[in-house]
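The structure appears below as structure tokens.
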Amino acid sequence: MQPAPLFCYFPAVLGTKREEGGIQIEVPRRRVLVPCQELAAAAALSSNCFRRYCLSESGRAELGKRDTYTNRKLGKGFSTMASYGLNMLNSTVNWVTQALDAPSARAVVFGVHIGGHYFVEGLLLVVILFLLSQKSYKPPKRPLSKKEIDELCDDWVPEPLIPSITKEMQYQPPVLESAAGPHVVINGKEVVNFATADYLGLVGHEKVQESCTAALEKYGVGSCGPRGFYGTIDLLPLDVHLDCESRISKFLGTPDSILYSYGLSTMFSAIPCFAKKGDVIVVDEGVHWGIQNGLHLSRSTIVYFKHNDMKSLHDTLENITADNKRAKKLRRYIVVESVYQNSGQIAPLDEIIKLKEKYRFRVFLDESNSFGVLGQSGRGLTEYCGVPVEKIDIITAAMGHALATEGGFCTGSTRVVDHQRLSSSGYVFSASLPPYLATAAITAIDMIEENPDLIKKLKRNISLLLKGLSNVEGLTLTSSPESPIVFLKLEQSTGSTKGDMEVLEEIAERALKEDSVFMVTSKRSILDKCRLPVGIRLFVSAGHTEADLTKASECLKRVSALVLKHRD
Amino acid sequence: MIAIPYLTALSTYFSYGLLFAFGQLRDFFRKIVDWWRASTLDGYAPICLGLEDFYIRRLYLRIQDCFGRPISSAPDAWFDVVERYSNDNNKTLKRTTKTSKCLNLGSYNYLGFAAADEYCTPRAIESLKKFAASTCSTRVDGGTTMLHTDLEECVARFVGKPAAVVFGMGYVTNSAILPILMGKGGLIISDSLNHNSIVNGARGSGATIRVFQHNTPSHLETVLREQIAEGQPRTHRPWKKIMVIVEGIYSMEGELCKLPEIVSICKKYKAYVYLDEAHSIGAVGKSGRGVCELLGVDTADVDVMMGTFTKSFGSCGGYIAGSKELVQYLKYTCPAHLYGTAISPPGAQQIISSIKVILGEDGSNRGAQKLARIRENSNFFRSELQKMGFEVLGDNDSPVMPIMLYNPAKIPAFSRECLRQKVAVVTVAFPATPLLLARARICISAAHTKEDLVKALEVCLSVCLGLPVIFLLKSPFFIHMFCF
């Protein structure tokens with residue numbers, strides 16, 4: 001059995017006896033042999049008891065005798081150093097003890113024995129109270145004086161409102177001297193026009209013109225008010241806003257639609273209506289600026305996936321739903337364009353629908369460049385991919401393309417549409433679409449329904465142009481085979497968007513100047529976050545003749561070869 | 001600022017409280033009913049959420065018929081309002097083929113160009129024939145016709161700035177320009193009652209936004225001083241640039257901007273001034289050149305001048321006028337210019353022609369007459385309304401005059417009763433105004449004759465006498481009537 005540490009016994013030591021290997025201590029009911037070293041340690045720890053049972057050299061405890069244990073040898077194992085240290089310790093302890101044993105510290109107040117530690121603790125308490133009563137340290141607050149603010153205001157130099165104008169900023173677009181049909185007059189010369197998204201060749205069409213003229217005569221140009229405040233114009237036989245809305249719904253087979261007065265504002269007003277802070281939007285990285293702005297204004301969590309890459313979309317959706325347990329409670333959207341303005345690619349809607357249904361996301365679809373173009377009867381991407389239109393929750397489109405008018409619309413369930421009538425900022429806070437443009441839209445839809453040949457012709461033109469452009473030196477096609485936007489990017493990028501842009505701009509400029517073919521580059525605003533490569537865009541129209549298309553492809557081949565060779 | 005009387009505030013809160021309580025009660029029962037049916041959501045979160053949706057369903061739909069009334073003629077001084085009826089307590093409205101001819105006090109037809117005009121309309125139709133209804137292209141691509149370049153020159157000349165650029169929509173003009181001019185590290189100081197398009201544009205820009213009390217130059221100065229001294233939040237770096245955004249005429253208040261004071265403060269503190277003249281351009285000033293002309297501010301002191309063509313000019317679109325460099329820069333990079341369809345050619349022609357009429361370049365003095373008429377009409381109508389004891393906001397010369405209604409119940413009452421008496425007015429409530437400050441807004445046009453205005457005043461008065469309107473009690477006119 002291991003002996004207990006010595007100081008446990010000290011209060012009850014009856015006697016001690018020196019033995020070989022240590023000191024034997026007599027305590028009530030037993031005797032313990034303690035090694036000398038331990039005795040010393042105990043002495044250090046338990047000085048109070050030690051003082052009372054002071055040990056003599058012989059090892060006998062002499063009760064009551066007040067004596068200090070000095071540097072006499074306690075045992076053979078002790079070194080002089082240790083004993084010296086012990087000695088010092090003991091003298092200190094004694095000194096303290098004496099101080100504490102002073103009569104004042106041993107007072108008994110109301111039966112409580114005021115020991116020495118109470119005294120010390122009391123002292124500490126006083127010190128704490130004193131410190132607490134002091135003011136805490138705070139750096140002095142000195143607000144700027146009037147004079148100092150004046151100086152700051154004088155010193156402040158703002159940046160100029162706009163950066164200095166560089167050469168590329170001085171771009172002047174060609175000025176059209178006639179209507180923007182398949183052929184236009186620029187600088188007095190007739191050119192073939194591939195810069196206008198008039199896919200069905202309805203610009204300047206007789207019927208559209210007639211309906212516009214009638215509306216202008218009756219209603220004037222503007223509507224002079226938002227839709228809510230007498231800006232809704234309508235009466236048979238001249239159908240305007242409300243009838244235009246029902247016409248669009250009837251054409252697409254949706255329950256209801258809502259007209260916007262500008263194509264660009266449609267998306268950026270519609271998205272913030274249905275997505276707020278905290279909601280999740282998964283979006284293609286190639287979407288146009290209108291959508292980007294809508295996403296920004298919605299303040300939702302935006303996750304981009306790779307341009308038109310279904311695997312990337314799948315992974316993104318998987319990540320979002322797997323990571324986030326709350327994801328089910330949030331509104332979740334996938335935002336895609338049917339034909340991407342920035343690349344001419346067609347979104348694979350059937351696959352998107354599969355993913356959407358698997359992960360329970362809603363779909364926002366921008367049909368600006370596919371409405372009136374894709375599908376057998378021009379009903380857009382849903383028809384093209386054979387997807388029932390009810391599967392898409394919100395469809396938006398600008399009417400400034402195939403419909404050859406202006407404005408935009410959003411279509412979907414009645415609930416979706418009605419919600420926008422009071423929440424959509426671009427609808428509530430803007431004057432309504434000029435009546436003649438709404439009638440033009442109705443006439444255009446009528447014409448699409450009546451002449452399915454227009455779409456067939458457009459399809460034929462697209463394939464003809466693509467055939468001609470299949471082997472242009474230095475340029476590669478990125479657009480999908482049926483897209484009305486034919487998009488060519490540089491085979492070898494110069495390394496920067498700006499450099500690419502210069503080359504492409506030169507090609508377009510020379511094509512217009514030398515061959516009278518008007519085509520344009522895809523321009524990027526500094527606000528545009530899209531990072532897809534820039535390129536040359538040709539908007540194919542049903543109004544183009546075969547000769548026009550051949551001319552365009554021949555011209556592009558010739559000019560790009562010339563320009564790119566010159567560059568090398 | 002509008003000082004709302006204590007009692008009125010209390011009763012308005014009470015009314016909204018009641019509507020809210022009943023709405024919640026109905027929602028509660030709806031939930032119980034829906035509980036029996038299977039959920040249609042199928043794992044999706046509901047598409048319309050929260051108070052906004054509640055407000056539409058339970059408050060707005062009750063008085064839906066006061067808004068979005070279809071008309072079947074041009075929005076001239078008198079127009080035909082299509083009658084509607086509802087079989088399901090206003091949830092849906094059905095149009096009839098019946099119309100009633102009403103006096104139009106709602107459209108922004110300040111100069112009367114909304115209807116077919118003898119000078120403008122034939123020219124608009126001519127340009128339709130020449131350039132078609134749309135260019136189907138953006139301005140930088142194939143959307144710039146001769147009309148567009150003419151229009152830009154014409155607008156710059158009219159506004160009094162070296163250059164201008166036009167866009168297809170007024171709302172987009174604000175919301176797409178501000179992000180170009182301001183960015184991170186910039187500060188936008190905006191009037192507290194600025195239009196939603198400015199608010200959205202400022203939000204889209206990523207700049208820090210501070211608000212100053214509506215039309216209070218002294219507070220603007222305080223904010224400017226504070227902000228320049230403090231610098232950017234957290235980093236305390238000096239601001240890159242500061243832009244103060246004000247409107248010429250506040251569309252919901254009818255107040256003229258205190259432009260001279262604001263411009264001098266901005267000059268002192270080197271802040272840029274952005275002036276939105278959506279309602280004032282064409283409508284005020286000796287030759288219709290807006291608030292700058294009216295208040296005697298040099299246009300050179302306003303850095304960016306914005307305006308719309310939907311109001312006085314009876315067309316569509318908006319413009320930015322400024323220095324040549326500014327316009328060039330905007331044309332290079334502004335998304336509305338790069339991605340938005342160009343303004344429709346007949347619309348562009350309408351603006352050019354109406355500006356010509358205003359300036360008297362059409363060979364008649366119709367423009368000057370129109371301007372004199374709208375000024376006369378507005379001041380007459382405003383002073384008469386004030387005499388009758390209506391609480392009318394706004395300044396003299398401004399053609400916009402809101403009559404405060406406050407209580408939600410008065411909104412449909414005023415609107416429906418006026419319509420019954422063949423006067424079409426606009427009532428505005430939340431979200432276009434603060435919840436407590438619902439109002440009726442009257443827009444005076446140069447097309448109104450004196451008889452029209454007298455009739456309108458009579459109707460307003462009789463409607464208000466029929467309503468328990470608190471605001472009439474203070475009127476000397478009212479007391480006068482009781483005395484006899």
Side-chain angles (χ1 to χ4, degrees), chain A residues 144 149 152-153 156 158-159 161-162 165 169 173 175-177 179-180 195-198 203-204 212-213 216 219-222 224-225 228-230 232-235 261-265 274 289 293 296 329-331 360 400 404-406 419 422 425-426 429-431 434 440 520 523 525-527, chain B residues 43-45 48 56 67-68 70-72 74-75 106-109 114-116 124-125 128 131-137 140-142 144-146 168-169 171-172 179 196 204 225 228-229 238 240-241 269-270 272 310 314-316 325-326 328-329 332-333 335 338-341 344 347 350 426:
Chain A
L144 294 170
I149 295 180
L152 280 169
C153 290
W156 181 65
E159 279 180 10
L161 187 58
I162 46 161
I165 299 290
M169 294 182 192
V175 177
L176 275 60
E177 288 156 29
T196 300
D198 168 29
V203 165
C212 283
T213 315
L216 276 173
Y219 301 118
V221 176
C224 280
F229 304 150
Y230 307 106
T232 307
I233 295 174
D234 128 274
L235 181 74
S261 50
Y262 202 50
L264 192 63
S265 70
F274 299 105
W289 180 81
N293 193 30
H296 181 83
K329 297 225 167 102
L330 303 172
R331 291 184 284 185
R360 299 267 188 267
T405 170
E406 277 186 18
H419 186 71
L422 207 62
S425 50
F429 296 102
S430 168
V520 286
K523 301 187 180 58
S525 161
I526 48 165
L527 295 180
Chain B
Y44 295 94
C48 307
I56 294 175
F67 306 97
I71 57 172
S72 67
S107 297
Y108 308 129
N109 177 25
I125 292 173
L128 171 76
F131 292 104
S134 168
T135 61
C136 287
S137 184
V140 279
D141 291 349
T144 305
T145 66
M146 288 149 71
M169 183 195 190
Y171 188 93
V172 166
N196 179 281
R225 286 175 68 89
I228 295 176
K240 284 185 180 160
K241 45 192 167 184
Y269 293 99
K270 289 166 283 194
Y272 299 107
T310 41
S315 180
C316 56
E325 292 75 30
L326 172 77
Q328 199 150 48
Y329 183 65
Y332 162 68
T333 197
L338 262 54
Y339 307 130
T341 318
S344 158
Q350 163 81 13
V426 163

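- The greatest number of non-hydrogen atom pairs below 4.5 Å with chain A, out of B:G142, B:C136, B:G68, is found for B:C136.
- Note: B:G168 leads B:A133, B:G168, B:A124, B:C316 in heavy-atom pairs under 4.5 Å with chain A.
- Only the backbone of B:A115 comes within contact range of chain A, judged by heavy atoms closer than 4.5 Å.
- With B:T145 contributing its side chain and A:L176 its backbone, the two residues share no donor-acceptor pair below 3.5 Å.
- Between chain B and the options A:T196, A:L152, A:L144, the largest number of non-hydrogen pairs under 4.5 Å is found for A:T196.
- When A:S261, A:A197, A:A431 are compared by the number of non-hydrogen pairs under 4.5 Å with chain B, A:A197 comes out ahead.
- A donor-acceptor contact shorter than 3.5 Å links the side chain of B:K241 to the backbone of A:L161.
- With hydrogens and angles left out, the side-chain atoms of A:S425 and B:Y171 include a donor and acceptor closer than 3.5 Å.
- For B:P238, the parts sitting under 4.5 Å from any heavy atom of chain A are the backbone and the side chain alike.
- Contact record, B:A114 with A:C224: CB-SG, 3.5 Å, taken as the closest heavy-atom pair.
- Residues A:L264 and B:M169 form no side-chain contact, since every pair of their non-hydrogen atoms from C-beta on lies 4.5 Å or further apart.
- Chain A forms more heavy-atom pairs under 4.5 Å with one residue of B:G106, B:S344, B:G347, B:P75 than with any other, namely B:S344.
- When atom types are taken as modelled, the side chain of A:E406 and the backbone of B:T341 share no donor-acceptor pair closer than 3.5 angstrom.
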Exercise. Which is it for B:L128 and A:T213 under the side chain to side chain contact (heavy atoms under 4.5 Å, CB included) test, yes or no, and what are the steps along the way?
Worked result: CA-CA 8 Å; B:L128 171 76; A:T213 315; 3.4 Å; yes

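- Minimum interatomic distance between A:S525 and B:P335 (heavy atoms only, all atoms of both residues): OG-CD, 3.9 Å.
- Residue B:A132 comes nearest to A:V203 through the heavy atom pair CB-CG1, 3.6 Å, listed as atom of the first residue, atom of the second, then distance.
- Note that the CG atom of A:L527 and the OH atom of B:Y339 stand 8.5 Å from one another [nearest 0.5 Å].
- At least one donor-acceptor pair closer than 3.5 Å links the side chain of B:K270 to the backbone N or O of A:C153.
- For B:Y272, the part lying near chain A is the side chain, with the backbone staying farther off; criterion is any non-hydrogen pair under 4.5 Å.
- Judged by distance alone, the side chain of B:K240 and the main-chain N or O of A:P158 form no donor-acceptor pair under 3.5 Å.
- In terms of heavy atoms, A:A180 sits closest to B:T135 at CB-O, 3.5 Å.
- For the atom pair CD1 (A:I165) and CD (B:Q328), the distance works out to 5.0 Å, reported to the nearest 0.5 Å.
- Proximity of A:I526 to B:Y329: side-chain heavy atoms (C-beta onward) are separated by under 4.5 Å at one or more points.
- Residues B:S107 and A:Y230 meet the side-chain proximity criterion, which asks for heavy atoms closer than 4.5 Å.
- The heavy-atom pair separating B:G314 from A:V221 by the smallest distance is O-CB, 3.6 Å.
- Contacts of A:V520 with chain B are made by side-chain atoms alone, with heavy-atom separations under 4.5 Å and no backbone atom involved.
- Residue contact with chain B, scored on non-hydrogen atoms closer than 4.5 Å, involves the side chain of A:H296 exclusively.
- Interface remark: A:L422 contributes backbone and side-chain atoms alike to the contact with chain B (heavy atom separation under 4.5 Å).
- For the pair B:D141/A:K523, a side-chain contact is recorded, criterion being any heavy-atom separation below 4.5 Å from C-beta on.
- The main-chain N or O of A:T405 is found under 3.5 Å from a side-chain atom of B:S134 such that the two form a donor-acceptor pair.
- When side chains are defined from C-beta on, B:Y108 counts as touching A:F229, because their heavy atoms get closer than 4.5 Å.
- If you measure heavy-atom distances from B:L338 to chain A, the contacts under 4.5 Å come from the side chain alone.
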